Amino acid sequence: MIPGDGIGPELMLHVKEVFRQACVPVDFEEVRVSSDAAEDDIQNAIMAIRRNRVALKGNIETNHNLPPSHKSRNNILRTSLDLYANVIHCQSLPRVLTRHRDIDILIVRENTEGEYSSLEHESVSGVVECLKIITKARSLRIADYAFRLARDTGRAKVTAVHKANIMKLGDGLFLQCCREVAGGYPEIAFDSMIVDNTTMQLVSRPQQFDVMVMPNLYGNIVNNVCAGLVGGPGLVPGANYGRDFAVFETARTPGFSPAWWCCPRSCCRRRSPGSRPPPPGSTAGRARRPASCGGGEGGVSDPLPSPRPQ
Amino acid sequence: MATISGVRAVAGALLRAQGRGAWRTLSAASAAPQQTLRSQTEKHEGMFKVTMLPGDGVGPELMHSVKEVFKAAGVPVEFDEHHLSEVQNMASEDKLDEVVDSMKQSKVAIIGKIHTPMEYKGELASYDMRLRRKLDLFANVVHVNSLPGFKTRHNNLDLVIIREQTEGEYSSLEHESVKGVIECLKIITRDKSQRIAKFAFDYATKKGRSKVTAVHKANIMKLGDGLFLQCCEEVAELYPKIKFDTMIIDNCCMQLVQNPHQFDVLVMPNLYGNIIDNLAAGLVGGAGVVPGESYSAEYAVFEMGARHPFAQAVGRNIANPTAMLLSAANMLRHLNLEYHSNVISDAVKRVIKVGKVRTRDMGGYSTTSDFIKSVIDNLHPHYGV
């Protein structure tokens, strides 16, 4: 368990409480990582995850006023453990009043390359070049993951989100890889959409989307748009999967003030989707039931995220 | 101390640039065409000359609508049409030069969407991008306004989105360094970032706006978006009356979906601008209702806010001409034809408010022609009274 910064430690306390009450046979090994600590902290955390193979994580803040040599902790974690797929399940919860109903979207986002390569340099004074890397191997891998996930969860359609009309080679390669993989899964419909049209459709008719797969930056944006549609980041569980490890967290959003947004539901729900490396199914069911009951009654005292700034 | 010297440096750079004639405030930009057009009006019997590029998809239909409405309203504008289209193989360097020459004379244009084909045909930069770079249309302004009488999930929205249009992710610089690995370059420069920041603050000052929010992803792209943010902050110090705020793009998208009323003016680099334009357009009713414009130091181009060719609607007479008509009205205001501009925009707004004639994207069953006919009928100020 990595509590992280901000509201992380508070939420982790709640998770431990719920697990204790539901008698879930899970033992937490806590590792503290803070954003301004040394490299050793994060290396300890990575070693711990290698030992236990499953982790529950809060958000580790990235202070963007620090020099560029100071890499984002979240990024180091993701790339060292090769957690290549970030999966977020956005679902309209009953009794949560939002402007849209009946949303059920699985968003699969490539987690290790793309715009987050942290490769930037100032070639001429006043001109900065940022590199965005797209590779064939990783695009094939994430596309394969998305289709396998769709098949395992019984979904009917996968939509690839890209901007290949502008980044012809880069996103063109991503799209080509998705099409190749789609050929191997004939029972699943494959569609592609440009990211600007996608955001417009998400805001007007989000019910048309089923599973979405995309590179890193668009994934970040679409995740946040969908989280906003179902009621806020506090209601959306997320997971990062690699070949050998899994790290569970909430939808990644920075800079929230603790008092208004402390919504532990997301933590409870996110432990349940761990259907690969243990926990056992029965205890996951027990933990999930209180979470959906809490949402169903509507009278439970969680402050439902109304986005009024403090 | 550092901030004072920073402000002095920026102010010095701005004065020098103004001396070079590279920058212009909005008021100067609108005054300049008037002077050149005044000399032209003597030649063309009071007609203003405007370049028109219908583009692809439903562009030609929408342009036809604009021409019909202008004819009915008696607007003294003459269109100089050029057909530049990449997907229909009507594009070449010569055509591009023709369009630029026409623009040099008229200074104002109204364009549809020039669609970019997905396939890589040997050219990384699309004609749309090349046109924008040749004319140096660095600022794209989309004014997202809820239309009265048309209820969407969010009502009474009034946002302005200002987007840097010539650099950023759209630099069209890509290469395959190693087989199977592609590098796309995103370029951010100090000059262009300062230019767009100054444009944004000038726009806010001119239109009486109180807050400017810069949207970025500097936690990941520390140098690139960090530079953009730094330039915005430097320029913000010269405008103490306007509040300046920053927000990361992912948080901004979520806030737009949950609480869009907190935003006033947004300024951002190219790709984020494209996404947020479309998102905001979706909030008020889709691509068919939001007009947009692009400015450079010498030219002004009027177009749709969210650019989509909408090829599925070609020939079916179902496209929504609202955005194009509102954009044309903005163009008339830019040409200082206030009266005609108000007549057309009032007519369009009245048709939407009454709600009897609505195209399919707004939930009605009317065709484009019905809508145009209704607008033309409403041009008369006492229609329906």
Side-chain angles (χ1 to χ4, degrees), chain A residues 62-64 66-68 72 75 99-100 115-116 118 120-122 125-137 163-173 175 195-197 199-204 217-218 220-221 223-225 227-229 232-233 252-255 305 307-309, chain B residues 115-120 124 126 129 153-154 169-170 172 174-176 179-191 217-227 248-251 253-259 262 271-272 274-279 281-283 285-287 306-308:
Chain A
T62 309
N63 187 354
H64 56 259
L66 291 174
S72 153
N75 225 353
R99 293 188 177 91
H100 303 264
E115 294 80 356
Y116 287 47
S118 307
E120 301 178 284
H121 63 275
E122 191 162 358
S125 171
V127 177
V128 175
E129 289 178 4
C130 310
L131 269 78
K132 161 179 165 166
I133 315 280
I134 304 265
T135 52
K136 187 168 180 153
K163 192 130 185 87
N165 53 343
I166 298 292
M167 287 179 250
K168 294 190 163 105
L169 291 184
D171 285 354
L173 176 63
L175 203 55
V195 61
D196 51 15
N197 194 16
T199 41
M200 195 189 301
Q201 297 296 325
L202 272 171
V203 174
S204 19
L217 181 68
Y218 313 144
N220 184 231
I221 293 174
N223 277 349
N224 281 268
V225 172
L229 292 175
R252 303 205 292 259
T253 45
R308 238 166 279 118
Chain B
H115 189 53
T116 316
M118 300 281 201
E119 304 81 39
Y120 174 44
L124 279 175
S126 62
M129 271 314 292
R153 291 188 182 94
H154 303 267
E169 295 81 351
Y170 287 47
S172 310
E174 299 178 282
H175 65 276
E176 191 164 0
K179 185 149 182 18
V181 176
I182 297 197
E183 289 177 4
C184 310
L185 269 79
K186 160 181 166 165
I187 315 278
I188 304 264
T189 50
R190 185 179 288 279
D191 284 340
K217 194 134 184 83
N219 53 345
I220 299 292
M221 287 178 247
K222 297 190 164 86
L223 287 184
D225 285 352
L227 178 62
I248 302 188
I249 172 82
D250 48 16
N251 191 17
C253 286
M254 195 186 302
Q255 297 295 327
L256 269 172
V257 173
Q258 295 190 306
N259 183 19
Q262 59 179 293
L271 180 69
Y272 312 145
N274 181 231
I275 293 176
I276 301 235
D277 271 348
N278 281 268
L279 206 147
L283 293 175
R307 297 176 218 152
H308 294 280

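This is a predicted model, so every value here is computed, not measured. Sequence lines set the chain letters: A, B, ... in the order given, protein chains first and strands last, and positions in each chain run from 1.
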I'd like to know which of A:T199, A:D196, A:T135, A:V127 tops the heavy-atom pair count under 4.5 Å against chain B. A:D196
Please classify the contact of B:L279 with chain A as side chain, backbone, both or neither, using a heavy-atom distance under 4.5 Å. both
Chain A: which of B:G180, B:G282, B:C184, B:A281 shares the most heavy-atom pairs with it under 4.5 Å? B:C184
So which part of A:L217 gets closer than 4.5 Å to some heavy atom of chain B, the side chain, the backbone, both or neither? side chain
If you look at every heavy atom in B:A306 and B:N278, which pair is closest and at what distance? CB-OD1, 3.6 Å
Could you tell me which portion of B:K217 (side chain, backbone, both or neither) has an atom closer than 4.5 angstrom to a non-hydrogen atom of chain A? side chain
Given a strict heavy-atom distance threshold of 4.5 Å, which part of B:L283 is in contact with chain A: side chain, backbone, both, or neither? both
Rounded to the nearest 0.5 angstrom, the SG-CG distance for A:C130 and B:L227 is 9.5 Å
Under 4.5 Å heavy-atom distance to chain B, tell me which part of A:L229 shows up: side chain, backbone, both or neither. both
Heavy-atom side-chain proximity of B:I276 to B:I249 below 4.5 angstrom: yes
Please tell me if the side chains of A:M167 and B:I182 come closer than 4.5 Å, counting only heavy atoms from C-beta onward. no
So CD1 of A:I221 and CG of A:L202: to nearest 0.5 Å the spacing works out to 11.5 Å
Under a 4.5 Å heavy-atom cutoff, which of A:L169, A:L131, A:V203 has the most pairs with chain B? A:L169
The criterion is side chain to side chain donor-acceptor pair (under 3.5 Å); which residues satisfy it with B:H154, sequence neighbours excluded? none
Bottom line for B:H115: the part with an atom under 4.5 Å from chain A's heavy atoms is neither
Derivation and outcome, side-chain contact (heavy atoms from CB on, under 4.5 Å), residues A:D171 and A:K132: CA-CA 10 Å; A:D171 285 354; A:K132 161 179 165 166; 3.2 Å; yes
